[in-house]
Asker: 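Pasting a structure below so you can have a look.
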Amino acid sequence: MSAILIATAVIGIVGLLVGIGLVYIGNKFHVEVDERETAIREVLPGNNCGACGYAGCDAVAAAIVKGEASAAACPVGGAPVAAKINAIMGTSAEAAARRVAFVRCGGSCEHTSAKNTYIGIRDCRAAALAGMHPWKCDYGCMGYGSCAAVCPEDAISVVDGVAVVDKEKCVGCGLCAKACPKNLIELVPYEQHVFVRCRNTDKGKDVKAACDVGCIGCRLCTKQCESGAVTVDNNLAHIDPSLCTNCGKCAEKCPQGTIATGV
Amino acid sequence: MARKTFRGGVHPEGHKELSRDASFEVYLPKGPMVYPLAQHIGRPSTPVVKKGDRVLAGQIIAEASAFVSANIVSGCSGTVKAVDRYRTIGGTYSDAIIIDNDGLYEEAPGIGKACDYRSLSNQEILDKIKAAGIVGMGGAGFPTHVKLAPKDPSAIHYVIANGAECEPYITCDDQLMRNYADEIIAGMMIILKLFPNASGHIVIEDNKPEAIAAMQKAASRIGNIKVISAPVKYPQGGERSCISLVTGIDYRISQLPADVGCVVDNVGTIRAIYKAVCESTPLMERGVTITGEAIARPCNLLTRIGVLCSELHEYAGGFRDGKQAVKMLAGGPMMGVAFDSLDVPLQKNNNALTFLQRDEVAEAEKIRTNCIRCGRCARVCPMGLTPQLMCMAYERGELDRFEHKFHGLECISCGSCTFICPARKPLTQEFKVAKAEIMAIKRAEKEKEGAKA
């Protein structure tokens with residue numbers, strides 16, 4: 001019986017000593033954390049996707065508190081998160097428009113044809129490094145889905161050889177844009193729905209030979225646009241989202257069907 | 001006693017019999033000539049001619065734009081048609097100078113003027129090499145005037161001429177050594193003049209007995225140049241393999257050849273140095289092997305850089321029996337890169353065009369399985385790396401481990417691991433992608449730092 005009592009006493013005393021030690025060390029090495037940082041960390045999405053340019057959500061929270069990053073630093077959280085962060089930081093709200101990724105290529109299997117057979121790792125960057133482009137158009141989407149592989153929200157799928165973004169799922173982190181070796185993906189305002197689905201800067205004749213829906217730089221679209229949002233530079237049409245009214249007149253006149261609405 | 005060699009290596013089928021005895025044919029292109037501005041390692045050159053200008057053969061048409069860059073010289077006379085984007089043999093696009101060849105081959109003044117290198121200072125020799133636009137002609141295309149100007153020339157003890165030509169199918173260096181042994185030896189003498197403490201070594205694989213004999217005969221008159229016959233093993237022609245063979249130094253990773261007192265140059269480069277210094281002829285011409293089972297008349301050509309591959313293909317009789325090649329390679333099957341259009345110019349660093357009837361890469365893909373950790377890749381890696389671990393790190397996206405733990409950046413992309421892998425994993429391609437990604441990250445970091453400073 002006494003053996004049990006002794007053991008209990010020993011364990012109890014050791015436990016007490018360790019407990020006292022821990023409390024003492026805890027006070028001694030206490031690091032002051034700004035409670036705003038913890039609060040911000042809680043309102044951030046917590047994906048640790050790195051799209052903000054910082055190592056993760058903890059890092060960007062610290063940067064926001066230090067004033068190195070703005071309240072709208074998190075592209076994934078967008079406006080709602082920015083508003084909450086502003087509330088925590090006591091700063092004025094900057095309206096951050098929601099932006100989504102868009103793949104500037106409409107050259108799916110039915111519009112362009114295969115030029116060569118690429119054999120190797122199924123990854124756009126690997127194929128681009130080997131100088132291989134499977135389709136006749138050298139500018140277009142290769143369709144191996146490097147963008148889909150990096151998307152944290154599973155918003156990109158490759159349909160008929162071209163990557164397509166589900167804009168409802170897209171959080172605008174921009175990781176896909178960095179992954180694309182052809183620089184096809186850009187971030188556009190969520191409300192924008194008239195797009196030039198091409199990035200080919202070759203002359204019209206060469207574009208026609210490569211793809212049915214490529215921009216030939218005919219400038220019909222620029223003549224239609226009343227707000228001056230459409231410009232043609234280097235044989236390629238471009239729409240400035242800040243001027244575009246989404247009227248869709250350019251898309252109606254586009255002879256190649258390059259400009260599309262409602263994508 | 002076993003002969004000295006490097007560790008690892010593989011024995012792919014040589015296929016050199018297709019073209020090894022085809023003597024050099026001089027081919028002067030008839031069609032337009034195209035000069036991509038980025039056909040060497042380093043910054044692309046800056047064009048010094050514009051549309052409509054008349055140029056002469058041997059005239060500089062683009063100048064080196066940085067320390068590591070090279071001049072580009074026109075190989076024909078004619079008018080500049082455009083300076084425009086053009087497809088390169090690597091599949092990418094580069095700005096290029098396109099010249100309408102008038103077929104006269106009128107030479108720029110001063111070309112071919114004989115000159116005794118002994119009367120020149122070392123700096124004058126380097127200047128001549130730089131002006132001639134010489135880059136490594138074995139494949140990498142590193143500017144030669146940079147390679148030949150290390151910090152301390154007196155620390156160089158070995159000048160190695162690389163005539164191993166271990167890549168299957170290719171035979172142009174073999175022909176070059178058989179026919180121009182004297183010029184190569186003279187080129188060696190010029191390099192040896194730059195490095196007072198060095199001796200010359202010429203590495204040739206055993207499967208080229210005629211070349212060994214020719215080089216030995218030419219070298220016999222000179223005291224400090226030795227011909228070394230090497231066992232037939234791939235990649236014997238790798239820079240580091242040559243160094244291990246000649247010096248017996250067990251290479252430590254992240255050392256440059258100059259760190260172990262070596263300068264290695266391809267025999268083609270050395271001949272170009274001779275032509276530039278002693279004959280005042282810049283780099284316009286190179287040997288190229290047109291070979292493969294799918295070509296009607298495999299041959300070795302001495303032709304002008306900038307010629308379109310379609311022209312060379314036609315000269316070699318086109319496809320055998322009119323049957324389209326299954327695969328076209330710039331270089332050989334181990335390290336060469338596939339290209340899909342013949343409308344691309346021959347570059348300074350292209351030693352061969354190989355047209356294959358079988359695509360072994362495609363066949364391998366069909367029977368690909370998982371790694372069984374047999375370790376054969378590690379046994380054959382000439383750099384002593386562990387490809388199976390590098391591959392795992394790459395597939396998990398652990399680039400940091402790839403770089404620092406497994407020293408992935410030391411990979412020379414020789415393809416030995418992919419060749420030997422029983423699971424047919426595309427190891428070399430994975431490593432190429434991983435290396436490119438790491439380099440891109442490093443560049444971005446450097447730019448960031450530059451922006452901060």
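Letters A, B, ... mirror the listed sequences (proteins, then strands); counts begin at 1. Quick note: numbers below take in every heavy atom, side chains included, and nothing from hydrogens, waters or symmetry partners.
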Asker: Just wondering, are more than 12 heavy atoms of other shown residues or ligands nearer than 6.0 Å to NZ in K323(B)?
Answerer: no
Asker: Please say whether more than 12 non-hydrogen atoms of neighbouring residues, nucleotides or ligands are located less than 6.0 Å from CD in E13(B).
Answerer: no
Asker: Between H133(A) and D340(B), is the side chain to side chain contact (heavy atoms under 4.5 Å, CB included) condition met? List the steps.
Answerer: CA-CA 9 Å; H133(A) 194 86; D340(B) 58 14; over 6 Å; no
Asker: For atom CG of N234(A), is the number of surrounding heavy atoms from other residues, nucleotides or ligands below 6.0 Å larger than 12?
Answerer: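 Above 12, so yes.
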Asker: With a 4.5 angstrom heavy-atom cut-off, is it the side chain or the backbone of E437(B) that approaches chain A, or both, or neither?
Answerer: side chain
Asker: Given that the side chain runs from C-beta out, which part of A338(B) has a heavy atom under 4.5 Å from chain A: side chain, backbone, both or neither?
Answerer: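 The answer is both parts of A338(B).
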Asker: Can you confirm whether K115(A) is buried at NZ, in the sense that more than 12 heavy atoms of other residues, nucleotides or ligands lie under 6.0 Å from that atom?
Answerer: yes
Asker: Can you tell me which portion of F339(B) sits under 4.5 Å from chain A's heavy atoms? Options are side chain, backbone, both or neither.
Answerer: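 Just the backbone, heavy atoms under 4.5 Å.
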Asker: Do R85(B) and D202(A) make a side-chain contact, defined as non-hydrogen atoms from C-beta onward lying under 4.5 Å apart?
Answerer: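 A side-chain contact under 4.5 Å exists here.
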Asker: Check the surroundings of atom NZ in K178(A): do more than 12 heavy atoms from other residues, nucleotides or ligands lie under 6.0 Å from it?
Answerer: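 Above 12, so yes.
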Asker: Step through the shown structure and confirm whether more than 12 heavy atoms of other residues, nucleotides or ligands are within 6.0 Å of CZ on R320(B).
Answerer: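 Enclosed.
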Asker: Between chain B and each of L129(A), T117(A), I121(A), count heavy-atom pairs under 4.5 Å; write down the option with the most.
Answerer: I121(A)
Asker: Donor-acceptor pair, E365(B) side chain versus I119(A) backbone, under 3.5 Å?
Answerer: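 Absent.
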